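Please read the structure below before turning to the comments.
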Amino acid sequence: MKNMNNYDYLLSDLTKLNGVGKKTMEILKKKKVNNIFDLLWRLPKSYTDRSLTSNICDLQIDKVQTIKIIPTKYLFPRVRNLPNRVNCEDETGKIDCIFFNSYEGYVKKILPLKEQVIISGKISSYKGKYQITNPTYVSKDSSIIETVHNKYSLTEGITEKIYNKIISQILKNLPKLTEWHDQRILKKFDNESWNNSIVKLHDTKNINNYKSGFYKRLAYDEILASFLVNSEIRKKIKKIKKVSKIFDQKSYYEIINKLNFKLTNDQKTSLTDINKDLVSKSKMFRLLQGDVGSGKTIVSLISALNVITSGFQVALLAPTEILARQHYNLAKKLFAKNISIELLSSKNENIEIKRIIKELKDNKIQMVFGTHAIFQKKIIFANLGYIIIDEQHKFGVRQRKLLSDKGGDNCDVLLMSATPIPRTLTMSVYGDMDVSIIKEKPNNRKEVKTYSKLENKIDDVIKFVKKEIIDGNQIFWVCPLIEESKKLDHQSSVNKYKFLDKLFPNKVALLHGKIKNDEKELILNKFLNKEYSILVSTTIIEVGIDFPNANVIIIENANKFGLSQLHQLRGRVGRGTKQASCILMFKSNLTVNAKKRINILKNSNDGFMISEEDMKLRGFGDLLGFKQSGVKNFRLADPIQNEDLFVLAEKEIRIIEQQNIDINKYKSLLKLYDQADIINDIV
Ligand code: ADP
Ligand code: MG
């Protein structure tokens, strides 16, 4: 294999390797190994030491051993299904090699009579004689066998032998990459170069050696690469020049005066951040992060007003139609009558949709609400100046960038998310954006009281519910989430509905995944108008919907949910001024871990803190469905174990940004690690 002396070799196709054909390549591709670099992260799990040879007389039964033998006689049976046998010996004793399912020609070839051959495998004994069945290694070349053999968690179709051959070949041919870190950083990792680190990573002596310099260096590389990509996107978007919006004090105060509450300080600060961006000459790409119920919607609507009075159009995109309508209704209430706003809904008559499309094109509509349908090709804005996106934490970096491009240069972008993420992850998840955070809850809020109850105590719960209904309160009843089966989800909610409907006739409504959108909205509206007291549902109520009168949420089989998800669900209640409660129900006694989780929820209402704890308990991979979000999982770096490296990388990014350090310095790092390939647009 020719050494290409740069990252190209590592990014090349696996068939560049000796011994890897189309078949092996296909097998590995299925395991998401697309190039040589990807293979570097499949690490040995253990090893077998075959370096010591023994004499036959010293062999130990049931152990893997290596011996030098001379074949003396072939015994090929004439009966089918019996194995081929070869008598072998050394100066000290005799041993038989047994081969099942083998051709005579093959056996003769690997064990030629009267020639010394090295074999390695597990030794057994049969009728008082040593034997070795299908030896793992047979070769005349001792250097191939007498060494340490790494064991990998093997992929079907690829043997240990092939694996070791591939990996040692790669390690031998590693290109010398120019160091991208400064001495100051390298010092922290025992000055380990990338090459050395990779070699050490595959050395079985180092299995699980997470604390050493080489391991940390590689973990840090990974973190820095992810941060750098985001930082570059952010810089790139910031460079986009736009026509700035004008801040209109009059309409600002008009809308503020219409509110029946005072904005919290965090809401005001966020608004200031956003307004500053809107009136600046560069494009805004900002995230408004705030716990459930922190009041993000109103912030976004107030900021939209500036854009409208500046003569631009605004689009607000929500994940569901129900939510889009809720925001639309709020805007209808708050905005002056002369501002033309519309809801683009799948329920609109065709002729209505045509009208909206035409008026958007003719600049007659100033703000439109809807789901992602807003971005259909046929919808053309005359002068789109602002996109607001609600509750889309599942958008990955790449999708966000596409979105930002879509609106055009003059279009500012605000994303809103109620999903707090652990601080160490902010840069990997949202590093491409500027971030405003609302930490404070509106101060009329009382903390939701959280209880846990065993399911067989349901009578207590019913008693409690009765009392709440008499007090005029409304209840969400969330049914068990059975991931294995949508059908069962549905069934359990139907059963619960029947059960409750008997106890509280005409007071219970049911929502589940099979109910059509139209009907869903109807039910939700009735619930909002207090026509029902209890809403039984699966988790549909999770995102965004605002029901100030709902005071109690009961979550069955609560151990099926992650902490952050429970916190989100709990956030559906406690939006009014009354004391709200959340009852978490469990089928059986809680495990120690489950108890810990419940205590975290009982003791805290702080979504950020809860997400940190959630991550510690569940690990990064499972958190928030990051896998779907496009944020790739790290290969080595662990946000919990390597928190220090995340902090270090964040500091480094600030230095790189402040000193305007040329990104080309990190070119190899980015080319190798940014498999999402975003950086190709940039470097
Ligand atoms: P989220 O941040 O979860 O999207 P919403 O914007 O839906 O929260 O707001 C939740 C509720 O809080 C709404 O009923 C809203 O009118 C109300 N609200 C927003 N800001 C304040 C405030 N400063 N004081 C009191 N209530 C507020
Ligand atoms: Mg919201």
Side-chain angles (χ1 to χ4, degrees), residues 252-253 255-274 286-305 316-335 369-371 387-395 414-421 435-448 474 476 524-525 527-530 540-551 553 564-578 580 582 605-608 610-611:
Y252 176 77
Y253 283 109
I255 194 167
I256 296 272
N257 288 334
K258 271 195 194 167
L259 301 175
N260 52 7
F261 50 75
K262 276 209 175 79
L263 292 181
T264 62
N265 285 327
D266 281 353
Q267 281 174 316
K268 282 187 204 155
T269 318
S270 305
L271 254 178
T272 312
D273 289 347
I274 296 168
R286 184 173 283 279
L287 173 78
L288 178 59
Q289 205 183 2
D291 219 340
V292 269
S294 59
K296 294 181 292 292
T297 320
I298 192 68
V299 171
S300 73
L301 290 181
I302 296 173
S303 66
L305 211 55
L316 190 151
L317 193 136
T320 63
E321 236 178 84
I322 299 168
L323 207 54
R325 186 177 296 271
Q326 182 184 296
H327 294 335
Y328 166 75
N329 288 335
L330 183 62
K332 266 248 171 284
K333 257 201 296 198
L334 291 177
F335 287 0
F369 296 76
T371 61
I387 307 178
I388 300 165
I389 295 153
D390 193 19
E391 303 289 359
Q392 280 296 12
H393 60 272
K394 287 199 172 128
F395 274 9
L414 181 73
L415 262 91
M416 299 195 281
S417 169
T419 312
I421 54 166
V435 183
S436 298
I437 299 182
I438 307 184
K439 280 217 153 167
E440 223 177 340
K441 293 268 167 69
N443 51 18
N444 55 0
R445 299 283 162 79
K446 290 204 180 96
E447 295 231 321
V448 180
Q474 286 175 294
F476 289 120
L524 283 173
N525 276 331
F527 188 68
L528 199 60
N529 295 331
K530 304 182 197 168
I540 333 177
I541 49 164
E542 196 179 342
V543 256
I545 308 171
D546 189 32
F547 292 98
N549 196 51
N551 234 21
I553 184 163
S564 295
Q565 212 182 357
L566 287 173
H567 177 65
Q568 294 267 325
L569 282 168
R570 177 171 67 175
R572 295 294 119 228
V573 300
R575 293 173 165 233
T577 44
K578 292 185 198 168
C582 168
N605 251 305
D606 175 349
F608 287 91
I610 290 171
S611 77

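Below, each value reflects all heavy atoms present in this structure, side chains not excepted, and no hydrogens, waters or symmetry copies. Just so you know, these numbers come straight off a predicted model, no measurement behind them. Start at 1 and go down the list; that is how both ligands and their atoms are numbered.
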Test of proximity, Gly293 against ligand 1: N or O pairs below 3.5 Å
yes
Run the side chain to side chain contact (heavy atoms under 4.5 Å, CB included) test against Asp266 and tell me which residues pass, sequence neighbours left out.
Thr264, Ile438, Lys439, Glu440
Kindly give the heavy-atom pair with the smallest separation between Gly607 and His567, and that separation in Å.
CA-NE2, 3.4 Å
Closest by any non-hydrogen atom to atom 2 (O) of ligand 1: pick that one out of Arg572, Lys296, Lys441, Glu440.
Lys296
Any heavy atom of Thr297 under 4.0 Å from ligand 1? The part involved is both
Can you tell if the side chain of Val573 reaches within under 4.5 Å of the side chain of Val448, non-hydrogen atoms only?
yes
Looking at ligand 1, does any of its N/O atoms fall within less than 3.5 Å of an N/O of Gly295?
yes
Can you tell me if Ala418 contacts ligand 1 (heavy atom of the residue under 4.0 Å from the ligand)?
no
Would you please test Phe335 and Tyr328 for ring-ring contact (aromatic ring centres under 6.0 Å, His included) and show each step?
CA-CA 10 Å; Phe335 287 0; Tyr328 166 75; over 10 Å; no
Taking atom NZ as the centre, does Lys262 end up with more than 12 heavy-atom neighbours from other residues, nucleotides or ligands that are less than 6.0 angstrom away?
no
Please tell me if the side chains of Leu287 and Ser417 come closer than 4.5 Å, counting only heavy atoms from C-beta onward.
yes
Which of the ligand 1 atoms, numbered from 1, are nearer than 4.0 Å to a heavy atom of Lys262
22 (C), 23 (N), 24 (N)
For ligand 1 and Gln267, I'd like to know whether there is a polar contact (N/O to N/O, distance under 3.5 Å).
yes
Against heavy atoms of Thr264, which atoms of ligand 1 measure under 4.0 Å?
23 (N)
